[in-house]
Chemist: 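Would you mind keeping the following structure in view while I ask a few things?
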Amino acid sequence: MRTLRIGPEGASLGVYQRFALLDQEFHDPLARAAGRPLLADAVNRLHAHLHLFRLTSAPGAAGTTIDEHERILDAVVRRNPERAAEAMAGHLRSSRVRHRTDTAS
């Protein structure tokens with residue numbers, strides 16, 4: 001039996017599903033914890049777009065994404081809003097660059 005492979009990395013569907021679930025479990029509570037209902041709603045509505053992004057992301061993006069998430073979470077746990085904001089801004093910039101690089105090719 002052949003395993004379904006997706007994305008440029010050829011990850012199995014199961015690996016992708018696990019990463020997508022963990023990614024969602026990271027973004028949703030973080031957006032709610034920010035105390036910004038419009039942000040939480042926007043993140044919730046972006047799930048389909050995030051799936052498309054993950055499916056077409058550059059090779060190796062999962063590891064980079066996890067590292068970025070860890071920096072954000074570390075700053076939140078340490079109650080350091082400046083570092084959290086800096087880590088989140090870096091994650092958003094990096095994601096945008098990854099997406100632009102991949103879609104440009």
Chemist: Test ring-ring contact (aromatic ring centres under 6.0 Å, His included) on His27 and His47 and set out the steps.
Modeler: CA-CA 10 Å; His27 288 120; His47 287 304; 8.3 Å; no
Chemist: Out of curiosity, does Val43 fall in the hydrophobic cluster containing Phe26 (side-chain heavy atoms, cut-off under 4.5 Å, transitive links)?
Modeler: no
Chemist: Can you say whether the rings of His91 and His69 are parallel (under 30°), tilted (30 to 60°) or perpendicular (over 60°)?
Modeler: perpendicular
Chemist: Hydrophobic clusters here meaning ILVMFWY residues chained together by side-chain heavy-atom distances under 4.5 Å, can you tell me if Leu30 and Leu73 are in one?
Modeler: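 As far as the 4.5 Å side-chain criterion goes, Leu73 and Leu30 are connected within one cluster.
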Chemist: Output, in order, the C-alpha distance, side-chain angles, deciding distance and verdict of side chain to side chain contact (heavy atoms under 4.5 Å, CB included) for Arg83 and Asp74.
Modeler: CA-CA 9 Å; Arg83 279 184 66 194; Asp74 182 62; 3.6 Å; yes
Chemist: Give a yes or no on whether a salt bridge exists between Asp67 and Arg71, defined as a side-chain N under 4.0 angstrom from a carboxylate O.
Modeler: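 Result for this pair is no, no salt bridge flagged.
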Chemist: Please tell me if the side chains of Gln24 and Leu22 come closer than 4.5 Å, counting only heavy atoms from C-beta onward.
Modeler: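 Not in contact.
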Chemist: Could you state the interatomic distance from CZ (Phe19) to OG1 (Thr65), rounded to the nearest 0.5 Å?
Modeler: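 If we round to the nearest 0.5 Å, Phe19:CZ and Thr65:OG1 are 4.5 Å apart.
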Chemist: If every non-hydrogen atom of Ala84 is compared with every non-hydrogen atom of Ala75, which pair is closest and at what distance?
Modeler: N-CB, 3.3 Å
Chemist: Check for me, please, whether Ile72 and Val97 land in the same ILVMFWY cluster - side-chain distances under 4.5 Å, paths through other members count.
Modeler: no
Chemist: Rounded at 0.5 Å granularity, tell me how far CG in Leu21 sits from CD in Glu25.
Modeler: 4.0 Å
